[in-house]
2 protein chains.
Amino acid sequence: MRIGELAARTGTSRRLLRYYEEQGLIVATRAANGYREYDDRFVDRVKQIRGLLDAGLPTRIIKQILPCLDKPRTIYFPDATPEMLATLERERDRMTERIEFLTRNRDAINEYLDVVRANRQPDVELEPAV
Amino acid sequence: MRIGELAARTGTSRRLLRYYEEQGLIVATRAANGYREYDDRFVDRVKQIRGLLDAGLPTRIIKQILPCLDKPRTIYFPDATPEMLATLERERDRMTERIEFLTRNRDAINEYLDVVRANRQPDVELEPAV
DNA sequence: TCCAACCATCACACAGGTGTGATGGTTGTC
DNA sequence: GACAACCATCACACCTGTGTGATGGTTGGA
């Protein structure tokens, strides 16, 4: 597929797909006319990128993380340098922190919503038709 | 305490504390000389802000969420408008998505690290001194 | 009294993710 | 062949969170 379809199927803009490529997150093949060409796997990959970006990770980090998330797990131990592994561990820990933090706060919001709804219920019922 | 101490105790810069105030996330009282004055509760509050920012939420949203996270839970049902509640629910759902997404990916990274470590172990041991 | 160490405001700058538009090439259809 | 609908590159601009520095007021200790 070409860039327009990928954009539609991932809910991104063409501009961003080019940007992700520029940042080295995806590498499109090129047709003879210069058009970028993508296969289906890019759909998930782009969604993954969007999710990680939304979670607050910068492209620089995403670039390092992505190769480890490939589903067919082809490369077990690539040229993973010790620094690379250290980065991964550090990033994993930061993600764990984020998860815990988000969970705590989401639960607090939930609790708040519950309380508000409980206290609001009474005034929903007005005089029940005497 | 004044801005310098708060900055030190929260690991932020004075600049950012003023920015958060400008964005309506915190409201400092002012001493007679114009200096900002904070009590201890601001330490947690600022850390909370930092965490939410780090998790990818913009100040605009944080501003709406923060009041629901106050620990003494003083305000059960404030002037919570329906739109406000809707925003909260939407944001809670987005946080849940983020949590699930982060968890999946963190686990994948973890799994990757495990595999790499397993496959790397062998070549740590070189010829064991014949 | 002077100086260091705070504080205030304000302005400019930057980086990263994103939008928008200019300019021009390719392709398929009428 | 003309036109619409793609595609390409490039440049400029925006927003948000941050840094940095200029300029000046306050305070407390040598």
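The sequence lines fix the lettering, A, B, ..., with proteins before strands; numbering per chain opens at 1.
- The phosphate of C/dG21 has neither OP1 nor OP2 within less than 4.0 Å of any side-chain N or O from A/R14.
- One finds no salt bridge joining B/D93 and B/R90 here, because no Lys/Arg side-chain nitrogen approaches an Asp/Glu carboxylate oxygen to under 4.0 Å.
- With B/E37 contributing its side chain and B/A28 its backbone, the two residues share no donor-acceptor pair below 3.5 Å.
- Of the inter-residue distances, the one linking A/I3 atom CD1 with A/R15 atom CZ reads 10.5 Å to the nearest 0.5 angstrom.
- Applying the 4.0 Å criterion to OP1 and OP2 of C/dT18, one finds that A/S13 has every side-chain N and O outside that range.
- The separation between A/M1 atom CE and D/dA5 atom P is 22 Å, rounded to whole Å.
- Taking atom CD on A/E22 and atom P on C/dG16, their separation rounds to 11 Å, with Å as the unit.
- To the nearest angstrom, P of C/dC6 lies 15 Å from CG of B/L6.
- Within the nucleic acid shown, A/R50 comes within 4.0 Å of sugar-phosphate atoms alone, with no base atom in reach, counting heavy atoms only.
- At a cut-off of 3.5 Å, with distance as the only test, a side-chain donor of A/R50 or A/Y20 sits close to an acceptor on the other residue.
- Proximity note for B/R36 (side chain, C-beta onward) versus C/dT9, D/dG19, D/dC7: the nearest is C/dT9.
- Using a cutoff of 4.0 Å between basic side-chain nitrogens and carboxylate oxygens, A/E21 and A/R30 are scored as salt-bridged.
- One donor-acceptor pair, N or O on each side, does fall under 3.5 Å between the base of C/dT20 and the side chain of A/R15.
- Contacts of A/R60 with the nucleic acid, taken as non-hydrogen atoms under 4.0 Å apart, are absent.
- Between C/dT18 and A/Y20, a contact under 4.0 Å exists linking OP1 or OP2 to a side-chain N or O.
- Residue A/Y19 places at least one side-chain N or O closer than 4.0 Å to OP1 or OP2 of C/dG17.
- Summarising the geometry, the separation between CG on A/L16 and P on C/dT20 is reported as 11 Å, rounded to the nearest angstrom.
- Ranked by how close their nearest DNA chain D nucleotide is to the 5' end, B/N33 and B/L53 are led by B/L53.
- Side-chain proximity of A/P58 to the nucleotides D/dT18, D/dT9, C/dG17 is greatest for C/dG17.
- Counting to the nearest Å, the P atom of D/dA5 and the CD atom of A/E5 are 17 Å from each other.
- Mapped onto DNA chain D by nearest heavy atom, B/Y35 and B/T59 fall at different nucleotides, with B/T59 at the one closer to the 5' end.
- Whole-Å rounding puts the B/Q23 CD to D/dT16 P distance at 8 Å.
- Rounded to an integer number of Å, the gap from CG of B/L52 to P of D/dG17 is 12 Å.
- Residue A/R18 is classed as a base contact, given a heavy-atom separation below 4.0 Å to a base.
- If you measure from atom CZ of A/R30 to atom C1' of D/dC7, you get 10 Å, rounded to the nearest angstrom.
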